[in-house]
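Contents: one structure, followed by commentary.
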Amino acid sequence: MKKLYTIFWTLFLGMNANAQNTQAQKDTAKVLEEVKVIAIAKKKIQTEMKMAVSVDEFLASSDNISFIKRGAYAWEPLLNNMSTERSTVTIDGMHVFGACTDKMDPITSYVESNNLSAIDIKSGQEGSLHGATVAGSIDLKRKSTPFSPEKKYNGAYQTGFEFNNKQFFNLGNLSYASDKFVADGSISFRKAGNYYDGNNNEVNHSQYNKFNTSVALAYKTSPFSAVRVDAIFDKAKNVGFPALPMDLWLSRAIITSASYKQLFQHGLIRAWDTKVYYNAVEHYMDDTHRPENLVHMDMPGWSTTYGLVSRANLKRGDYSAEIQLNAYHNLSIAEMRMYPQDRSKRTMFAYSWPWVTTRFTSVAMNNSWDISENSRVNFGGSLGYNYNRSKYVEFNWIFHPGTPQEKSRILPGLHASYQLTINQFNFSAGGGYGHRAPSVSEGYGYYIYNSFDRYDYIGNPDLKNEISYEANASAGFKNERMGIEAKVNYFYIQNYIIGRILSLGSPMNYQSVGVKGYTSLDHARLFNMALNANYNILQHLHWKGTLTYARATDDKGGNLPFIRPLSYQTSLHFMYKKIGIQTSLNGDLTQINYSPEYGEDQTPAYMIWNISANYSFNIKNCKTVLQVGAENLLNEYYSTYADWGNIPRMGRNIFTSLKFSF
């Protein structure tokens, strides 16, 4: 009987780990086979080209995610070519907020690839399950070892070296599972120096040091229920940002949660999972190592969040659903301190985030109905309540006299889609409608310096909600030898929030050329397209290709910034017995739709060639993989549309990696 309970738990955990909306199988044998495949996929947060990727590098392999890069560390993810204000990024459904006004600590920077099992990316309003959004959601899912009828130990250790920036890394995992108890642990350390560009010039202030560790403990309280506690600690020191006038001295984050999960054998409700969580982030930017700055500045920030996530899974016949309650309280504080060359004489102090409290609650539901064996309807919605309060409202009154200290908003969302499979063809079409509230910076920021366009930015608490209308469609074909899929989406966003030059006020930072205030355009339009194809040339030789394009304009027809030009990637993968060889070409065409109004200039086309090889062997009961490769093999000098201030990318980088797993 114990084995039956354990198999039930394993099946449920495996199905939850799947990041895709796979259609439910009615044959038990097929379900078991599917879960087995998923369990293998969970272990691989890596790309075909590179085994030891960072979370950013892994996300970059998705066709609907790009990055703004201000250095070699902590890239800002753009989902559907939209900034992080328009997307929801969570860790196992938990909301975590960065503490840097310059967005140098996205949530993805506080986890490591070896403590994640999967990354769930939802586009547009399909991502509203985790909160109000426009672009969609990115949920970073922690590793979760299932209970086992027999005692099991599993582990992995990976080490490697990258020659361009002399990066040395160590990643370790260990897990234990029994019928009643599970423990997961991970630890990682990365240290890198300055990197060199394609002209072999050193890019100063591009070094970083990162330490990350996590632990999770689960205990089965009954045959169909369990409790679990999780904790992540992350610390980064001496992180340089070559595109900014300052660097990171120290950032620390503690992310904790406790959850209770109950499974049900019968009835409409199949599972209920409730989690309470707490996290705290501190982030200290300064320009101690920038003696060329005439006036020195420190920019510390703190973010504290506690919240609740409660989710129920429903299933009856051909109908399934997921209902989720989200609630959190966040306090964001950021300071700006200016000094002359003598740092003991402070000349200015201000709150760039004046103790801003955010309270958010939402109820969301996703439904799926299998109309037939070949067609499915997905539909859902969310209703959120957002509350903000600025403790030191006098900073907001300087530019917006009399604005209320508190602000409440209602944030609705709806989405629906239809999926159809005809023989080897599949089609889908859908739409969505949703609101989002302004971010803390957009609503309450005070003199936040943007080094890209060299303006100080001022928030506006009276901004209207952004309102998004979206449409999406896809079509694909797949057989045993090849597959091809085209995906498009279109967003019409009312009250699009962006910075515009203010006629009043003077810049506070000596490097600023003026002051901009966040304002609402009448509307903006965004279009994204992706074409993916694969072909099995031979039994051991496989080809993949991706083509992406995006276009975005404001209400006057002008270009919006940081929109990906036509991009491509093509790769070959050969695997025979214990040997694997991969090679790829990727690049962008010339960025012709750039935006000088927002600080952009034209970036030229580029093409990068990468190659790697790996060899697998066993040492007793330990599986071992050795990999050697090179990125940017031809040492191309280039900068992309998303490189802040046109900082050059890394030149030729030879990398090695060795992994042991048992």
**Item:** Min side-chain heavy-atom separation Q324-V309 under 4.5 Å
**Value:** yes
**Prompt:** So, do V488 and S474 sit near enough that their side-chain heavy atoms are less than 4.5 Å apart?
**Reply:** no
**Asked** Do any N or O atoms from the side chain of D555 and from the backbone of L521 form a donor-acceptor pair under 3.5 angstrom?
**Response** no
**Asked** So, H95 side chain and H130 main chain: donor-acceptor pair closer than 3.5 Å or not?
**Response** yes
**Prompt:** Short question: side chain of E335, backbone of G301 - any donor-acceptor pair under 3.5 Å?
**Reply:** no
**Asked** Can you tell me if T403 uses its side chain to pair, donor with acceptor, with the backbone of H400 under 3.5 Å?
**Response** no
**Message:** Using modelled atom types and a 3.5 Å cut-off, is there a donor and acceptor pairing between side-chain atoms of S206 and backbone atoms of V203?
**Reply:** yes
**Request:** Before giving the answer on salt bridge (charged side-chain N to carboxylate O under 4.0 Å, His left out), spell out for E597 and K556 the whole-Å C-alpha distance, their side-chain angles and the decisive distance to 0.1 Å.
**Result:** CA-CA 12 Å; E597 180 180 357; K556 306 296 184 184; over 6 Å; no
**Message:** Within the structure provided, determine whether K141 and D120 are in side-chain contact (heavy-atom separation under 4.5 Å).
**Reply:** yes
**Message:** Parallel, tilted or perpendicular: which one describes the rings of Y328 and F97, with boundaries at 30° and 60°?
**Reply:** tilted
**Asked** If you draw a 6.0 Å radius around NZ in K237, do more than 12 non-hydrogen atoms from other residues or ligands fall strictly inside?
**Response** no
**Prompt:** How are the rings of W644 and F562 set relative to one another: parallel (under 30°), tilted (30 to 60°) or perpendicular (over 60°)?
**Reply:** parallel
**Message:** Can you classify the ring geometry of Y492 versus H523 as parallel (below 30°), tilted (30 to 60°) or perpendicular (above 60°)?
**Reply:** parallel
**Message:** With heavy-atom distances below 4.5 Å as the criterion, would you say the side chains of T590 and Q602 are in contact?
**Reply:** yes
**Request:** State which residues pass salt bridge (charged side-chain N to carboxylate O under 4.0 Å, His left out) with E85; sequence neighbours excluded, sorted by chain then number.
**Result:** K103
**Message:** Please determine whether side-chain contact (heavy atoms from CB on, under 4.5 Å) holds for the pair V356 and I333, giving the CA-CA distance in whole Å, both sets of side-chain angles, and the decisive distance to 0.1 Å.
**Reply:** CA-CA 7 Å; V356 181; I333 306 168; over 6 Å; no
**Message:** Checking the side chain of N495 only, and the main-chain atoms of S520 only, is there a donor and an acceptor separated by less than 3.5 Å?
**Reply:** no
**Asked** Say you draw a straight line from CD of E76 to CZ of F67; how long is it, rounded to the nearest 0.5 Å?
**Response** 10.0 Å
**Prompt:** Mind checking whether Y306 and Y278 have ring centres under 6.0 Å apart?
**Reply:** no
**Message:** Is it the case that over 12 heavy atoms from other parts of the model lie below 6.0 angstrom from the CG atom of L504?
**Reply:** yes
**Message:** For the residue pair K516 and Y457, would you count it as a cation-pi contact if the rule is NZ or CZ under 6.0 angstrom from the ring centre and within 45 degrees of the ring axis?
**Reply:** no
**Set of salt bridge (charged side-chain N to carboxylate O under 4.0 Å, His left out) partners for E466, sequence neighbours left out** = R86, R436
**Request:** Examine distances only and state if a side-chain atom of E470 and a backbone atom of Y490 form a donor-acceptor pair shorter than 3.5 Å.
**Result:** no
**Request:** Give a yes or no on whether the backbone of L129 and the side-chain of N366 come within a donor-acceptor separation of less than 3.5 Å.
**Result:** no
**Request:** Could you please spell out the steps behind the side-chain contact (heavy atoms from CB on, under 4.5 Å) verdict for H296 and M338?
**Result:** CA-CA 6 Å; H296 289 290; M338 286 188 179; over 6 Å; no
**Request:** Tell me, please, which residues at least two apart from D63 pass side chain to side chain contact (heavy atoms under 4.5 Å, CB included).
**Result:** K487, A530, N532, T546, T548
**Item:** D139 (side chain) donor-acceptor with G93 (main chain) under 3.5 angstrom
**Value:** yes
